[in-house]
Amino acid sequence: MEPGQALAAPSPAERTIEAEPRLTSARVLLVEDDPGFASLVEQMLRGADMGVKSVGLLAAARAHLREAEVDCVLLDLSLPDARWLEGVEALRDAAPELPLVVLSGLDDETVAVQAVQRGAQDYLVKGHVNGHIVSRAIRYSIERKRTELALAHLAHHDGLTGLPNRALFIDRLECALARTERRPSCVATMFVDLDRFKEVNDALGHEAGDELLCEISRRIQSVLRPSDTVARFGGDEFLVLAEHVGGEPGATVLASRICDVVAQPVEIGEREVLVTASVGVALARSPLPVDDLIRDADDAMYRAKQGGGGYEVYDELKEVLRGTGAPDFAHAGQLRAFKRLETANDLRRALEREELRLYYQPLVELPSGRVTGAEALLRWEHPERGLVGPDDFIPLAEETGLIVPIGQWVLETACRQAARWSATAHPGADPPVVSVNLAPRQLAEPGLTDGVSKALALAGLPAASLCLELTESTVAGRSDGVIEMLKALKAIGVSLSLDDFGTGYSSLAALDEYPVDAVKIDRSFVGRLDDPERRDVFAAVLAVAHALHLVAVAEGVEEPRQLSTVRRLGCDAAQGNLFAPAGPVKAIEPLMQRAVSGR
Ligand code: C2E
Ligand code: CA
Ligand code: CA
């Protein structure tokens with residue numbers, strides 16, 4: 001609810017005196033478990049032209065707020081399902097923009113102050129009220145809340161364009177970066193600076209300049225998703241925050257769209273004005289300091305401007321290489337860049353030095369509980385840093401292209417291991433299947449099919465014993481080339497699995513086109529199965545998989561309860577720490593022995 005929307009729409013006559021609002025009616029929700037007192041309040045307020053809805057429980061109040069419009073809540077402090085100030089806090093969380101007046105039997109100044117500190121607008125004592133006092137408190141509270149919201153809006157928005165300001169942008173960027181710890185994502189920060197804005201401003205005047213800035217901000221917003229943020233940073237500078245941009249390729253598409261919309265002629269009065277933008281992009285996949293990111297984006301924008309406009313992506317490696325001699329780490333970004341360069345060099349050597357390892361995690365068929373295979377998961381045994389997980393070096397391997405030789409090593413090593421397991425398999429048992437993750441970059445390599453065939457041949461492994469996993473985002477929205485590649489892989493005889501299913505953006509129609517055999521439902525769905533709503537979501541994702549005749553695998557099963565839920569919902573297989581965490585061959589050998597013995 002926006003400030004000002006809280007009240008019944010004013011009549012035209014009232015609208016003219018907006019500065020001094022005359023309230024005629026308000027919808028009040030009374031939360032009071034004493035029916036006698038509730039009807040007394042209802043009577044008091046009827047004379048004041050207020051509609052009252054009474055409920056006796058906090059839970060009922062929350063349910064009502066979800067369904068109906070309310071202008072103010074009157075809350076009793078002793079309810080069967082909320083003691084003390086719990087009710088104030090619960091309603092504050094449920095409807096942060098709703099005015100709230102406490103109506104309590106307790107005449108205690110300390111409690112009153114606490115109630116206000118926790119978000120109530122006023123505190124009335126039951127024995128000391130009449131219709132006039134209650135209705136006035138309600139009206140004042142509505143006005144106070146409205147003012148509070150308007151002030152909060154002012155503090156966080158730019159007066160001219162109404163866009164978020166610098167402070168709000170930084171806050172949102174911090175939140176977006178923090179989220180990357182829970183869920184891998186690429187966050188783009190873009191610095192947008194208009195070219196030649198000063199000329200327009202000088203030639204046409206400030207009013208025209210203001211109009212231009214407003215139009216430009218609307219245009220930038222029009223190419224963003226609703227969840228993205230564009231902020232005015234001052235003058236003719238804007239900042240854009242976009243989450244889940246799909247790495248550098250996605251970010252550059254967005255940057256070029258911004259350049260395109262800005263470059264369209266703008267009509268101001270009788271004139272057509274032309275401006276262009278220079279855009280600098282900085283990408284982050286972890287919680288880096290926001291100041292560094294904004295400065296990186298600014299640096300990149302400056303480079304774009306020097307190059308005559310358009311966009312540039314900040315590249316740490318290039319920044320360091322651009323400097324001559326030893327880097328002096330003028331700022332933290334450079335130190336970071338140098339570290340990455342070091343990592344890139346180390347990674348290049350990791351293959352030669354045989355520092356890479358494959359861990360395996362068993363895959364369990366449901367409902368039988370039979371182990372049918374294992375997923376190969378890459379680790380780097382770094383001489384100084386110890387065991388490094390894939391999330392910490394695969395992005396860099398992708399960017400530098402090192403993922404191609406590393407990926408080939410993974411394929412060959414995993415196939416050899418699968419052949420070893422198959423060799424010990426019981427004659428009647430199905431040989432275990434090894435799953436290997438493919439990075440987007442590998443899928444774009446024309447040599448991939450040859451690489452896969454080579455790995456199978458070197459190990460003497462039948463193609464049916466190899467499954468390749470690709471993430472939904474790798475295939476979603478990609479060119480026909482990727483589908484062709486998937487078909488070529490299928491032609492070799494390997495199976496294909498769509499990883500992290502449910503986190504990408506594939507449309508159902510597109511899903512049907514991918515020649516995949518299985519989907520692995522992302523562990524974020526499995527982690528929240530206790531919540532009935534999340535369980536429904538999981539069931540829906542499962543239904544999609546089954547409607548497309550795909551085998552559905554639940555990832556990240558950690559608890560027996562999760563296992564029984566996914567089994568009951570009809571998942572075909574599961575994987576997770578409950579059965580075994582990813583570990584070296586030796587650690588999972590007992591489970592794999594069960595697999596090869598056909599039990
Ligand atoms: P993924 O393919 O989704 O792999 C599953 C990840 O979830 C693994 O993390 C695994 O250890 C972890 N996991 C499994 N069960 C549980 C559980 O019950 N609870 C929790 N919290 N986690 C569980 P890992 O090994 O760190 O791998 C992370 C990601 O790195 C993989 O996600 C995959 O996308 C990528 N990756 C791993 N190995 C390779 C590789 O050889 N090539 C490529 N391109 N990517 C790889
Ligand atoms: Ca996987
Ligand atoms: Ca996965």
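Note that this is a predicted model, so its numbers are computed, not measured. Counting starts at 1 for both ligands and their atoms, following the listed order.
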May I have the list of side-chain donor-acceptor pairs in residues 278-285 shorter than 3.5 Å, sequence neighbours left out?
from, atom 1, to, atom 2, distance (Å)
S278, OG, D195, OD1, 2.8
S278, OG, D195, OD2, 3.4
R285, NH1, E399, OE2, 3.3

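Not a single N, O or S atom of E555, from either the backbone or the side chain, sits less than 3.0 Å from the Ca ion (ligand 2). Residue N437 counts as close to the Ca ion (ligand 2), with an N, O or S atom under 3.0 Å.
Residue contacts with ligand 1 for T471 are absent, since no atom lies close enough (heavy atoms, distance under 4.0 Å). Contacts between D500 and ligand 1 below 4.0 angstrom, taking non-hydrogen atoms only, involve the side chain exclusively. Heavy atoms of K520 found under 4.0 angstrom from ligand 1: none, in either backbone or side chain. Contacts with ligand 1 closer than 4.0 Å are made by side-chain heavy atoms of I394 only, the backbone lying farther away. Contacts of D391 with ligand 1, taken as heavy-atom pairs under 4.0 Å, involve the side chain alone.
The nearest N/O/S atom of E469 to the Ca ion (ligand 2) is OE1. Summary: OD2 is the N/O/S atom of D499 found nearest to the Ca ion (ligand 2). Distances from the Ca ion (ligand 2) to each N, O or S atom of E375 single out OE2 as the nearest.
In this structure, Q408 contributes its side chain and G451 its backbone to a donor-acceptor pair below 3.5 Å. Looking only at distances, no side-chain donor or acceptor of R62 sits under 3.5 Å from a matching main-chain atom of L58. At distances below 3.5 Å, not a single donor-acceptor pair connects side-chain atoms of E555 with backbone N or O atoms of Q575. A donor-acceptor pair is defined here as one N or O able to donate and one able to accept, closer than 3.5 Å; no such pair exists between the side chain of E86 and the backbone of A82.
For atom 44 (N) of ligand 1, the candidate residues are P581, P390, A439, A397; the nearest heavy-atom contact is made by A439.
Judged by the shortest distance from any of its heavy atoms, G407 lies outside the 4.0 Å radius around the atoms of ligand 1. Taking 4.0 Å as the cut-off, Q575 does not count as a neighbour of ligand 1 on heavy-atom distance. Ligand 1 is approached by E375 to a heavy-atom distance shorter than 4.0 Å. Heavy atoms of E555 come nearer than 4.0 angstrom to ligand 1 in at least one pair.
Counting atoms of ligand 1 from 1 in the listed order, those under 4.0 Å from a heavy atom of G576 are 15 (N), 18 (O). Annotation for ligand 1: atoms under 4.0 Å from non-hydrogen atoms of V410 are 41 (O).
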* Asked: Where do E381 and R357 land on the salt bridge (charged side-chain N to carboxylate O under 4.0 Å, His left out) test, with the steps shown first?
  -> CA-CA 7 Å; E381 228 169 73; R357 305 277 175 270; 3.3 Å; yes

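Screening residues 400-416 for salt bridge (charged side-chain N to carboxylate O under 4.0 Å, His left out), with sequence neighbours left out, gives E412-K454.
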